[in-house]
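The chains referred to below are lettered A, B, ... by the order of the sequence lines, with proteins before strands, and numbering in each begins at 1. Quick caveat: nothing in here was measured; it's all calculated off a predicted structure.
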Protein chains: 2
Amino acid sequence: MGEKRSYGQYCTVARALDVVGERWTLLLVRELSTGPKRFKDLLEGLPGIGTNLLANRLKTLEGEGVVRRATLPPPAGSNVYELTALGRSLEPVIVALSRWGTRFLSVPREDDDLRAGWAAVAMRSVLGQGAAGGRPGTYEFRIDGEAFHLRVGAGEEGERVETRQGSAPDPDLVVVGDAETFLAVASGRLGPEEALESGAIRVEGERDEGQEALLAWYRHAIGPPAA
Amino acid sequence: MGEKRSYGQYCTVARALDVVGERWTLLLVRELSTGPKRFKDLLEGLPGIGTNLLANRLKTLEGEGVVRRATLPPPAGSNVYELTALGRSLEPVIVALSRWGTRFLSVPREDDDLRAGWAAVAMRSVLGQGAAGGRPGTYEFRIDGEAFHLRVGAGEEGERVETRQGSAPDPDLVVVGDAETFLAVASGRLGPEEALESGAIRVEGERDEGQEALLAWYRHAIGPPAA
DNA sequence: CGGAATCCTCTTCGATACTG
DNA sequence: CAGTATCGAAGAGGATTCCG
């Protein structure tokens, strides 16, 4: 039984792909990159994977130290899967793929699935491109009614960004919109100005100040349309 | 007939993987990342792929604008495959995977294949981590008798690095060694000092000055052992 | 509800042989 | 040398069932 297929190359890239190169695996990491999830949530976020394949991938990744099983603290108490430190260190891979994939996004195809979390991942991936000088802070996104927050910290080289599902306790800014709009903005297809003017994206709280801050942040983070 | 399998997700990561997520594809990009190659050379660098699969991948990637066919200028005149600009922009993906895969490298396994080019890719991927202040220049590596050169240019944010097969016309430094040693150094398993002292890696040209420069460069580029 | 196991069909892979 | 053709083996994927 599955003796673990390997490329059999003494090469850093091949070794990485031995672990995360199989079908679905990196998408599974993407799902967990915003926080722990139950088996059922993962199925929801990976339409078409099938329960057996998901279980297999999880088992393999757990064996390799990329994923870990955990139990959420009360009152939740659910069994979840989460990334280990090793798994979280795949972030640059996800970001690089996300940036590269942006140019293939165009518009949703017939039968394309769409999840709020994917828009959050896309938003995260367009950040931290500029060198220092970003705007550290916590930004909450409510995408199709689901909350995510991005913590932008001023690191040594470029910004350190973390995206997690759920509300932030102390957001500097709360932005509301739908997934397709956020993806359009992340891909550079829709300018933040137009998105705000048309009402496709709204800022909660003190409107004028918040809106100005968001625009400034967008402009810095996303930069000129489509790299 | 192969209607082109897709994850069917309106997501930047999934779209990227729709194009380069299949088995062998990113390794094929790795092979081409150091320069154009003939069909035969690609087979050599992807042991086990099978001619039909390689032909399929190349055709698909050509259709997607990642790879292009070209004819080398005389006197070579061979038909080769090379990356387009779109293909070259996959560099950050390869680098991210290579860095992540470094920790799985350890020592060659029984039956592991090993190619000089893979060591060059690994060397390239450990560069440009430090912020500005790197040492721009051209470094030639002769790995197992094969020549590669890395051009490090001082860019805006971090260094811009390009790796190509073949000799450089004007190398600032020529370093000679075998693939396994270079991979050990790239992975942080072997310090550059030890590698030079043991003679596993040699510097050509004016020894003392060159050796000092190489060491300084290594230290800056690679930094403290194993990030 | 969470997930493992089974069954069956289909596609892809991988190795070799064959052709322009 | 550069592919195409072929075919057995392995993996994907969808449904369904079983177990805690």
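Summarising the geometry, atom OH belonging to A:Y81 is positioned 7.0 Å from atom CD belonging to A:E62; distances are rounded to the nearest 0.5 Å.
Atom CG in A:N56 sits about 9 Å away from atom P in C:dA5, given to the nearest Å. Atom-to-atom, CZ of B:R5 to C1' of D:dG13 comes out at 8 Å; the value is rounded to the nearest Å. The CZ atom of B:R57 sits 9 Å away from the P atom of C:dG14 (whole-angstrom rounding). Between the CG atom of B:N79 and the C1' atom of D:dC1 there is a distance of 10 Å, given to the nearest Å. Protein atom CG of A:L53 is 15 Å distant from nucleotide atom P of C:dT12, rounded to whole Å. Between B:E44 atom CD and D:dC1 atom P there is a gap of 11 Å when expressed in whole angstrom units. As a whole-Å value, the separation of B:D41 CG from D:dA2 P is 7 Å. If you take CG of B:L43 and P of C:dG14, they are 13 Å apart, rounded to a whole angstrom.
Electrostatic pairing of A:D170 and A:R151 counts as a salt bridge here, judged by a charged N lying under 4.0 Å from a carboxylate O. A salt bridge links B:E44 and B:R115; the closest N-O separation between the charged side-chain nitrogens and carboxylate oxygens is under 4.0 Å. Taking the charged nitrogens against the carboxylate oxygens, B:D178 and B:R202 have no contact shorter than 4.0 Å, which rules out a salt bridge. For the pair A:R57 and A:E22, the salt-bridge criterion is met [side-chain N within less than 4.0 Å of a carboxylate O]. Using a 4.0 Å cut-off between charged nitrogen and carboxylate oxygen, B:R69 and B:E82 do not count as a salt-bridge pair.
Put simply, B:K59 has a side-chain N or O that comes within less than 4.0 Å of OP1 or OP2 on D:dT4. An OP1 or OP2 oxygen of D:dC1 is reached within less than 4.0 angstrom by a side-chain nitrogen or oxygen of B:K40. Residue B:Y7 places none of its side-chain N or O atoms closer than 4.0 Å to OP1 or OP2 of D:dA12. Within the 4.0 Å cut-off from OP1 or OP2 of D:dA2, not a single side-chain nitrogen or oxygen of B:R69 is found.
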Using side chain to side chain donor-acceptor pair (under 3.5 Å), reason through B:R109 and A:S6 one step at a time and then give a plain yes or no. CA-CA 11 Å; B:R109 294 190 288 237; A:S6 162; 3.3 Å; yes

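Judged by distance alone, the side chains of A:R189 and A:S106 never bring a donor and an acceptor atom under 3.5 Å apart. When only modelled atom types and interatomic distance are considered, A:R30 and B:Q9 share a side-chain donor-acceptor pair under 3.5 Å. Looking only at atom types and distance, the side chain of B:W118 has a donor-acceptor partner in the side chain of B:E31 under 3.5 Å away.
For the contact set between residues 14-27 of chain B and DNA chain C, defined by any heavy atom under 4.0 Å, the members are B:R23, B:W24.
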When Watson-Crick pairs (N1 to N3 and N6-O4 or O6-N4) and G-U wobble pairs (N1-O2 and O6-N3) count only below 3.5 Å on both distances, what is the dot-bracket string of DNA chain D, with | for other-strand pairs? .||||||||||||||||||.

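Judged by the 6.0 Å distance and 45° axis criteria, B:R23 is positioned over the aromatic ring of A:Y7.
A distance-only check finds a donor-acceptor pair linking the side chain of A:E140 to the backbone of A:A168 [under 3.5 Å].
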Go along nucleotides 15-20 of chain D 5' to 3' and tag each nucleotide: B for a protein heavy atom under 4.0 Å from its base, S when only backbone or sugar atoms are that close, - otherwise. -B----

